[in-house]
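The next block holds one structure in the form of structure tokens; read it before the comments.
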Amino acid sequence: MFLSPVKNILKTILPEKLSESLKSVLPVTAVIFLLCFIVVPVPSSVMLAFIVGACLLIIGMGLFSMGADMAMSRIGEHIGAVVSHSKKLILIIVVSLAVGIFITVSEPDLRVLAQQVPNIPNQAIIWSVAIGVGIFLVLAMLRIFFRLPLNYLLIGLYVAVFTLAAFVPKDFLSTAFDSGGVTTGPMTVPFIMALGVGVASVRSDSHAGEDSFGLVALSSVGPIIAVLVLGLLFSSEGGAYSPVVVPDITNSLELWKLFSDAFPGYFKEVAEAFLPIVCIFAIFQIPRCRLGLTEIIRICIGLAYTYLGLVFFLTGANVGFMPVGNMLGELIGQLPYNWIIVPIGMLLGYFIVAAEPAVHVLNRQVAEMTEGAIPQKAMSLSLSIGVAISVGLSMLRVLTGLPIMWLLGPGYGMALLLSFFVPPVFTAIAFDSGGVASGPMTATFLLPLAMGLCISVGGNVAQDAFGVVAMVAMTPLITIQLLGLYYKFKTAKALKADQADELHESDKDVIIVFEEEKE
């Protein structure tokens with residue numbers, strides 16, 4: 001009796017989710033295939049690992065997406081609603097701080113980034129970034145609670161970020177801005193966004209839905225400031241580059257061993273990521289939430305699907321996609337016409353954002369909270385265009401050695417300026433989109449692509465290759481707000497048309513009355 005709703009969901013939604021993930025992963029897979037067969041030669045062993053990795057990505061994204069709907073989002077909404085109903089400021093602060101810290105510590109992408117930062121212990125950067133996320137998640141929750149305008153907060157915070165960046169060694173700048181993107185990954189985003197929905201759900205005013213967005217935006221600023229501060233405390237002498245291991249496979253058994261050896265590590269890593277979420281939910285379920293048995297079973301099954309999906313996804317991305325990305329960058333960088341990497345990067349960026357698990361969570365929540373006023377297709381197109389531009393600029397920066405601040409400064413300045421001309425909901429969604437778009441696919445494919453290119457052209461990996469994640473996190477801030485401008489113009493035009501029609505109808509009524517009186 002209790003499992004029947006869950007069985008119905010699995011029968012109807014799982015095929016739909018797998019179909020969505022296939023459509024998301026297939027285009028970028030096709031582009032990589034074309035590059036390997038037409039532009040540069042890639043060893044068969046790398047291609048075999050890539051094919052298996054693509055299959056794991058499709059299965060993993062489908063399972064993760066369904067599990068996020070069944071479990072992660074529901075847990076976040078329940079906890080957010082409980083915290084808000086209590087109306088105790090100290091409870092909001094403590095819960096937000098704990099959630100931000102413990103979920104960020106478990107974020108897989110953060111561990112990948114920490115290994116690349118020179119002369120700073122991994123745990124130092126992981127815990128510093130986690131505390132930064134925790135503090136700024138508290139700020140984000142208080143913003144909803146006290147109904148503070150988001151754009152003024154963002155302006156003040158980014159002025160502080162760029163002021164601090166002026167005193168930090170160049171080797172830390174790209175890494176610092178990258179950290180803002182990798183910390184809001186597949187584990188963090190569904191939970192934090194649902195937390196905002198839960199907090200806003202207890203408000204009855206018309207702006208509650210709009211204010212539920214912006215948590216990811218503010219949570220992305222904390223890691224940037226944390227790594228910039230670490231850059232002031234620790235010395236750096238050049239970037240540390242960890243070369244990607246290219247698989248050397250001669251038969252099917254070795255291919256199976258390559259992935260089977262990787263699976264246990266990711267099972268453990270994802271389990272560590274899930275433990276804090278399960279503990280937080282258990283703490284709230286026993287004394288406060290008191291959900292029904294059916295809902296608890298549904299959430300537990302959803303957690304299992306999310307867990308398996310993330311294991312498959314990370315294994316496929318790290319073992320299958322990372323080597324081919326690094327090798328493509330190196331081989332294209334050696335071509336006499338290596339400038340071709342700019343349009344290739346734009347094409348890859350356009351399609352690769354659709355393969356980010358958290359993007360689907362954001363698109364779905366935007367469509368639900370705006371009641372279809374902002375369609376998923378418009379969101380997806382705006383994100384794809386933004387990421388395409390950012391990857392193209394990143395590849396150009398690797399080729400020319402252009403300082404990253406020359407791009408980030410004007411980019412964030414334009415994004416903050418646009419916030420005064422678009423509806424507030426678009427500003428919140430745009431800055432959330434920046435953190436969501438820069439997920440595991442960016443860290444495990446686009447970053448190795450830039451690293452391989454940088455090594456080929458003799459650039460500085462720490463200064464030139466790093467920053468891809470930061471660029472991917474920046475451009476959606478502009479494209480989504482431009483979508484907001486279009487939406488505002490379209491709405492105003494429709495309103496004028498309606499007013500003209502009403503005026504026209506009233507004129508008809510006057511004429512009819514006049515003619516009747518005349519008769």
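These numbers come from a predicted model, not from an experiment.
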Can you check whether [X] and [Y] have ring centres sitting under 6.0 Å from each other?
| X | Y | result |
| --- | --- | --- |
| F312 | F267 | no |
| F426 | F421 | no |
| F313 | F64 | no |

Nearest-0.5 Å distance that lies between atom [atom1] in [X] and atom [atom2] in [Y]:
| X | Y | atom1 | atom2 | result |
| --- | --- | --- | --- | --- |
| I224 | L408 | CD1 | CG | 8.5 Å |
| I478 | L418 | CD1 | CG | 7.0 Å |
| S219 | M141 | OG | CE | 10.0 Å |
| M395 | L348 | CE | CG | 8.5 Å |
| M471 | I389 | CE | CD1 | 9.5 Å |
| F466 | M451 | CZ | CE | 3.5 Å |

Check [X] against [Y] and note the closest heavy-atom contact, atom names and distance.
| X | Y | result |
| --- | --- | --- |
| P169 | G231 | CD-O, 3.6 Å |
| L63 | G309 | CB-CA, 3.7 Å |
| M346 | V391 | N-CG1, 4.4 Å |
| L477 | A430 | CD2-O, 3.2 Å |
| A437 | V387 | CB-CG2, 4.1 Å |
| S179 | P223 | OG-O, 3.2 Å |

Working note: V468 + D178, criterion side chain to side chain contact (heavy atoms under 4.5 Å, CB included); need CA distance, chi angles, decisive distance, verdict. CA-CA 7 Å; V468 173; D178 279 353; 5.6 Å; no

Ring geometry between F420 and Y152 (parallel below 30°, tilted from 30 to 60°, perpendicular above 60°):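 If you compare the ring of Y152 with that of F420, the planes turn out perpendicular.
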
When the ring planes of Y158 and F431 are compared, do they come out parallel, tilted or perpendicular, using 30° and 60° as the limits?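 The arrangement is tilted - the two ring planes meet at 30° to 60°.
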
Are any non-hydrogen side-chain atoms of [X] and [Y] less than 4.5 angstrom apart?
| X | Y | answer |
| --- | --- | --- |
| V353 | V472 | no |
| V436 | L383 | no |
| P410 | M405 | no |
| Y266 | N318 | yes |
| I131 | T104 | no |
| I225 | L164 | yes |
| F177 | M474 | no |
| N151 | L416 | no |

Going through the distances and angles, do I429 and D432 end up as a side chain to side chain contact (heavy atoms under 4.5 Å, CB included)? CA-CA 5 Å; I429 292 171; D432 278 355; 5.5 Å; no

Does [Y] offer a backbone N or O that forms a donor-acceptor pair with the side chain of [X] under 3.5 Å?
| X | Y | answer |
| --- | --- | --- |
| S380 | K377 | no |
| T29 | A54 | no |
| S390 | T475 | no |
| S96 | V138 | no |
| S384 | L381 | no |
| R397 | D464 | yes |

I'd like to know whether T427 forms a side-chain hydrogen bond (donor to acceptor under 3.5 Å, both in side chains) with Q481, so could you lay out the CA-CA distance, the side-chain angles of the two residues, the decisive distance to 0.1 Å, and finally the verdict. CA-CA 6 Å; T427 298; Q481 289 192 98; 3.1 Å; yes

For L314, the option from V319, L56, L57, V270 that meets side-chain contact (heavy atoms from CB on, under 4.5 Å): V270

Picking from L233, L230, V229, what satisfies side-chain contact (heavy atoms from CB on, under 4.5 Å) with S128? L230

